[in-house]
Structures are given as structure tokens and as C-alpha cells.
Amino acid sequence: MAREYLDFRSDTVTRPTPGMRRAMAEAEVGDDVFGDDPSAERLQRRIAEMLGKEAAIYVPSGTMSNLIGVRLHCKPGDEMICDAGCHIYNYEQAGYAQLSGVAVRTVNGRGGVMEVEQLDGLIRPADPHYVRTRLVTIENTHNRGGGRIQPYEVVKAICRWGHENGLATHLDGARLFNAAVATGIEAARWAKHFDTVSVCFSKGLGAPVGSALAGPRDLIAEALRHRKVLGGGMRQAGVIAAAALFALEHHVQRLADDHANAQRLADGIRKIDELELDPAQVDTNLVFFRVDPVWGAAADFAAKLKERGLLMLATAPTTIRAVTHLDVDEKDVDRALEILREVARRQNQ
Ligand SMILES: *Cc1c(COP(=O)(O)O)cnc(C)c1O
């Protein structure tokens, strides 16, 4: 995508900064499949430490990280419980079913937030008629929930409920650092309630690729086997691991800027009569809004924005998502608002 576009489609669109590129160019590397890549090893130690876990494994994507996380806890014929709007259930091709033989029991969380009362009674009886309930997963921040931060007490209660009932717990923390920076509750404090935690370096942290799965040493050793069979064994992985290390060093605290820019965008959208924020509350860096259905599809509205140099993503028939990130600043937000106002006004003429 050419530079002249203001790109609010996702926080995955960021380009490596000059400092990050330098770190990549200078990375010490080896063959990571032989366990010889010092930069990948360093990244795994660093992220495990930041999440308060014994070990971590570097993987190419959040999809693979979640897939492996679920596989570590569930065998074919097992079931996991998750929110119906979560990324694992909606946007990962049901890899848990295709590749791992795992079934899902969904719960209708509010904006992605499940309550522990909704989970009571969902555990299947020990009887050969049923699958075995083995796992509960939570997504924080919640993507389809509008970048919603899970209430800390709810996370604690659900994980306690899971563990008391013999279930494992997995956190899809693709944007966990957004939740940590926005709340001041450190990533490790969120993570400690879960057996395994997945985080992405390629979203708000601004690295070009990669995610990590963290957890107990024995499970992460097993995860190495799963990564290999899924084709995720990488050779001189240090080149990209160095970018992730740079991101952990330099791009965590600055997520607060993305959150401030998202508030600025949301405040501007609230003042455009033709558009409606949904959800109305913006917790982190994702902003969702609805266009008037009489205008036609959100995709058409997004196409009109694009003609004026603004990229946003139609995520449902009348819903558009805008995401703030490392490569958009306050000025870009103001320019985006001008374009939104102009296009909305024209639609009504
Ligand atoms: C992006 C995302 C993922 C998957 O990450 P990829 O690297 O795109 O595979 C998983 N969970 C959530 C909540 C995400 O936003």
C-alpha cells in the first residue's frame, strides 16, 4: 500500500522503524531449529520473564500460537469453552477442529466479556456420550468486543472456576500489552491466572512478524514439537526475533499514545451525527462505528474513504473498524476525521 494512504485498517500495518531495522540488521543469528539462534533464545527468555512464566516459544503468528496453546491442553474429543465472539472461534479457520479434533462450547459474552455465572453447568458429565471439557480461553483485549479490556476480577474468577473444575486456562493476549498499559496492571499479573498465554509482536508492538506462547517448561517443550509439525520451525529466526526484542524494549509504554489517539478519533466520531460508535466505550486502540444502513454496505463507505486516501476496514455489513498504531499520529487522526465528516455529509445529500 503506497504511503499516501492514511492506514487505520489494523495495528498490523506498521513498518519497522529505523531503529528496529538496525536491530534486525545487527542481530546475532544461528539455526533456531537446532536451538542455536541466540536472538530467538533471548526473545523467548525475555517474553517468558515479562509474562512471569517459566518458558516461551517464538512462533510465526498468533494463529499458530493459539492453535498450539489449545493443542497442549486438548486431545481429539476434548472440548474448550470460549466466548462466541473470540478470535480463536471466528478468525482461525477452526484450526482447533481441523487440525486437533477439538470441539467448542461457546458462551455469549457481553462485548467479549463472559461472566463466571454463565459457565456454571457447562462442564460435561463423565459419561461416554459426551466430549470431555478440558479448557477455557479468554481474549484480552477483546478484538470484536472493540478492544475491550476484560475486567481483572472477572478474569480471576473465570480462571479460578476453571482450575477448581480441573480445566486448563489459555489467554489469547494478542493485545495483552494494550490491556497492561491502559490499566497499569502488569502483563505478568494478568498472565499468572492462565496456564498458557499467547502474545503478538506484530500488532501494536510494531514488529513485522511473530508471536509467542508462554507457560510451564514442560508444556513449552511439548509446544516445540507442535510448532515443528505445523511447519513453524524457523532457521535464522533471530533476524525477526531482534525486531520483537526491540519492540518489547521501545514500544510497550508508547501504546498509551495509540490509546490517546483512539480517544481523539472516538471523540471526533461522536460529533459526526451520521456515524455511531459501537461499542460507545473505547478502552484501547480499536474504534468501531456504524454507518447509516440506508447508505448501503459499510464496504461501500470504506471504498469512498479510500478514494480520499483513508483506509479503514468494513468488518460487518454496517460496521467499520479503525485502529490506531505506531504509524499514525494526532495529525493523521484529525485528517481522518475531516475525511469521515466529508464522506458522511456527502452520503446524506
Ligand atoms: C490478530 C489476532 C490473532 C492472530 O494473530 P495472527 O498473527 O494474525 O495470526 C489472535 N487473536 C487476536 C485477538 C488477534 O487480534
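Read the numbers this way: they start at 1 and go in the same order the structure lists the ligands and their atoms.
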Hey, which atoms in ligand 1 end up nearer than 4.0 Å to a heavy atom of [X]?
{"X": "E139", "value": "13 (C)"}
{"X": "N66", "value": "10 (C), 11 (N)"}
{"X": "T63", "value": "4 (C), 5 (O), 6 (P), 9 (O)"}
{"X": "N143", "value": "15 (O)"}
{"X": "G62", "value": "4 (C), 5 (O), 6 (P), 7 (O), 9 (O)"}
{"X": "S61", "value": "7 (O), 9 (O)"}
{"X": "A174", "value": "2 (C), 11 (N), 12 (C), 13 (C), 14 (C), 15 (O)"}
{"X": "K203", "value": "1 (C), 2 (C), 3 (C), 4 (C), 5 (O), 14 (C), 15 (O)"}

- Task: Kindly work out whether a path of hydrophobic side-chain contacts (I/L/V/M/F/W/Y, heavy atoms less than 4.5 Å apart) joins V333 to I269.
- Result: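 Yes, one cluster joins them.
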
- Message: Working note: H73 + Y96, criterion ring pair (Phe, Tyr, Trp, His ring centres under 6.0 Å); need CA distance, chi angles, decisive distance, verdict.
- Response: CA-CA 11 Å; H73 304 300; Y96 51 81; over 10 Å; no

- Task: Classify the angle between the aromatic ring planes of F8 and H325 as parallel (below 30°), tilted (30 to 60°) or perpendicular (above 60°).
- Result: tilted

- Counting only heavy atoms, which portion of H142 has something under 4.0 Å from ligand 1: side chain, backbone, both, or neither?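 For H142, there is no contact with ligand 1 at all, from either part.
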
- Is ligand 1 under 4.0 Å from a heavy atom in the side chain of M64, in the backbone, in both, or in neither? neither

Determine, for [X] against [Y], whether the closest basic-nitrogen to carboxylate-oxygen distance falls under 4.0 angstrom.
{"X": "D267", "Y": "R270", "value": "yes"}
{"X": "R335", "Y": "E338", "value": "yes"}
{"X": "D258", "Y": "R175", "value": "no"}
{"X": "K156", "Y": "E153", "value": "yes"}

- Query: Of the protein's non-hydrogen atoms, which lies at the shortest distance from atom 11 (N) of ligand 1, and what is that distance?
  - Reply: D172 OD2, 2.6 Å

- Which heavy atom of the protein is the closest neighbour of atom 10 (C) of ligand 1, given with residue, atom name and distance? H87 ND1, 3.3 Å

- Query: Distance from L286 atom CG to R144 atom CZ, nearest 0.5 Å?
  - Reply: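 Rounded to the nearest 0.5 Å, the CG-CZ separation comes to 13.0 Å.
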
- Item | Ring-ring centroid check F201 H251, cutoff 6.0 Å | no

- Of all the heavy atoms in R175, does at least one lie under 4.0 Å from an atom in ligand 1?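 Flag set, R175 near ligand 1.
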
